[in-house]
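Below you'll find the structure, written out as structure tokens, and then a few comments.
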Amino acid sequence: MIDDVGIGARLADLGLDSQFAGLEPLLRARLADAAHGELPRWRALVDSLPTAVAAQEILDGDAVMVGAKLDRVSECAVRAALLALAPWRKGPFDVCGIRIDSEWQSNMKWNRLADAIAPLDGRRVLDVGCGNGYYACRMRGVGAAAVLGIDPTVLYLMQFAAIRRFMRPQPIALLPLRLAELPPAIRAFDTTFSMGVLYHQRSPLAHLRQLGQTLRPGGQLVLETIILPGSEAFARTLPGRYARMRNVWLLPTLAELQIWLERSGFGNIEIVDRSVTTLEEQRRTEWMPFDSLADALDPDDHARTVEGWPAPRRALLVASTS
């Protein structure tokens, strides 16, 4: 299950083994049973899944589809194991005909950006905050030569390990890392994605500079984040929670976000999309049974959060390095 201290393809197969060699002790420690009290249980769930070459594999559809149809007994066992790895935040997936109805209908975000970014065919891609690999699969589905995802939440990586049991070998690897832990100025990627990550950073400009250092000259950043309404350039530091989230630190207007990108060394900045997050796109399901967007909005006014802030609206931008 753990290949070359990651989950998925070996780093050597992605051409990244030399850049990440110094991180091997850290990676092994984070994927060891002692790293998390639930990790042995998650590992046992993944190991309980059958391993088979996929009869069908569709990585470029709204639902990432893998695996052959199972008999009823096997289907029930696989479904129970996958449910035991909840919460599933990103998706949807279709595993052997079992629909994983994730909290986020991530296909909606993908469809907003797919035709607006530089084509990924043949490109080496980094997905920061990759979660369970849904977007990494979509990136590979449109021809990315190699995809590296990083995310500190090991449960999400174990979810990808479960999905991968039913996939053909793919040049996709996920590592339990934060962006700041990557080798400095690695400049190994043609496209870097940071989606739903910036507002969790205490220092958003440092995050943007670090994103730039992952890209080769002329590489493209795909950035998606929450913004405040307003045409002026300003940002607000949140004194408490935002939409019941404790780790949202600083929210900018779109004009301010563009200034942040410019000051972080990016050019050719383009606004791809602006949208208000809907209850269709983010919601509670059997596969994510905890509080979701509906619980974070004022029940009498869905234009505001329960704390009185503007409801989540997101901007999607692309920019390039010089």
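All figures in this text were calculated on a predicted structure; none of them were measured in a lab. Atom set for the values below is all heavy atoms of this structure, side chains included, hydrogens, waters and symmetry mates excluded. Throughout, numbering of the chain's residues begins at 1 and tracks the sequence.
- The hydrophobic clustering, which links ILVMFWY residues whose side-chain heavy atoms are closer than 4.5 Å, places Leu179 and Trp260 together.
- A donor-acceptor pair is defined here as one N or O able to donate and one able to accept, closer than 3.5 Å; such a pair exists between the side chain of Arg41 and the backbone of Ala84.
- Pro171 is listed as a side-chain neighbour of Arg140, based on a closest heavy-atom distance under 4.5 Å.
- No continuous path of ILVMFWY side-chain contacts below 4.5 Å connects Leu228 to Leu257, so the two sit in separate hydrophobic clusters.
- For Tyr156 (side chain) and Gly133 (main-chain N/O), no donor-acceptor pair under 3.5 Å exists by modelled atom type.
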For Arg28 and Glu24, run salt bridge (Lys or Arg N to Asp or Glu O under 4.0 Å): C-alpha distance rounded to whole Å, both residues' side-chain angles, the deciding distance at 0.1 Å, then the answer.
CA-CA 6 Å; Arg28 289 197 181 281; Glu24 182 173 340; 3.0 Å; yes
List the steps, then state whether side-chain hydrogen bond (donor to acceptor under 3.5 Å, both in side chains) holds for Ser264 with Arg209.
CA-CA 5 Å; Ser264 301; Arg209 288 192 295 270; 5.0 Å; no
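- Looking only at distances, a side-chain donor or acceptor of Glu57 sits under 3.5 Å from a matching main-chain atom of Arg168.
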For Met288 and Thr285: C-alpha separation, side-chain torsions, deciding distance, then whether side-chain contact (heavy atoms from CB on, under 4.5 Å) applies.
CA-CA 5 Å; Met288 205 301 293; Thr285 76; 4.2 Å; yes
Report the C-alpha separation of Glu103 and Ser292 in whole Å, then their side-chain angles, then the decisive distance to 0.1 Å, and conclude whether the side-chain hydrogen bond (donor to acceptor under 3.5 Å, both in side chains) test is met.
CA-CA 8 Å; Glu103 176 188 20; Ser292 189; 2.7 Å; yes
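- Checked by atom type and distance alone, the side chain of Gln56 never pairs as donor or acceptor with a backbone atom of Met65 at under 3.5 Å.
- In this structure, the separation between CG on Leu205 and CG on Leu261 is 8.5 Å, given to the nearest 0.5 Å.
- Contact of the Gln19 side chain with the Leu11 side chain is not registered, since no non-hydrogen atoms from C-beta on lie closer than 4.5 Å.
- Other residues, nucleotides and ligands place more than 12 heavy atoms under 6.0 Å from the CG atom of Asp301.
- Remark: Arg124 CZ to Leu215 CG distance equals 12.5 Å, nearest 0.5 Å.
- Not a single donor-acceptor pair under 3.5 Å links the side chain of Thr237 to the backbone N or O of Leu250.
- A distance-only check finds a donor-acceptor pair linking the side chain of Thr253 to the backbone of Glu232 [under 3.5 Å].
- At a threshold of 4.5 Å between side-chain heavy atoms, the hydrophobic network of Ile, Leu, Val, Met, Phe, Trp and Tyr places Leu174 and Val154 in one connected group.
- Within a 6.0 Å radius of CZ in Arg274, no more than 12 heavy atoms belonging to other residues, nucleotides or ligands are found.
- Note: Lys90 NZ to Met195 CE = 6.5 Å, rounded to the nearest 0.5 Å.
- Using a 4.5 Å heavy-atom cutoff, the side chains of Met158 and Glu38 are not in contact.
- Between atom CD of residue Gln201 and atom CG of residue Asn247 there is a gap of 9.0 Å, rounded to the nearest 0.5 Å.
- Inter-residue side-chain proximity for Thr321 and Phe266 is flagged as met; some heavy-atom pair is nearer than 4.5 Å.
- Of the possible polar contacts, none joining the Thr225 side chain to the Gly196 backbone as a donor-acceptor pair under 3.5 Å is found.
- Leu208 places a side-chain heavy atom less than 4.5 Å from the side chain of Leu223.
- Summarising the geometry, atom OG1 belonging to Thr278 is positioned 8.0 Å from atom CG belonging to Leu293; distances are rounded to the nearest 0.5 Å.
- Side chain of Arg283 to main chain of Ser102: a donor-acceptor pair is present (N/O by atom type, distance under 3.5 Å, no hydrogens or angles).
- Between the side chain of Arg216 and the backbone N or O of Phe189, no donor-acceptor pair lies under 3.5 Å.
- For the pair Arg314 and Glu224, the salt-bridge criterion is met [side-chain N within less than 4.0 Å of a carboxylate O].
- Just one residue in the list Phe166, Phe160, Tyr134, Trp287 forms a ring pair (Phe, Tyr, Trp, His ring centres under 6.0 Å) with Phe93, and that residue is Tyr134.
- Note: Leu316 CG to Ser275 OG = 8.0 Å, rounded to the nearest 0.5 Å.
- Here the side chain of Gln220 pairs a donor or acceptor atom with the backbone of Ala118 at under 3.5 angstrom.
- Residues Asp17 and Arg10 are not paired through a salt bridge, judged by the lack of any N-O separation under 4.0 Å between the basic side chain and the carboxylate.
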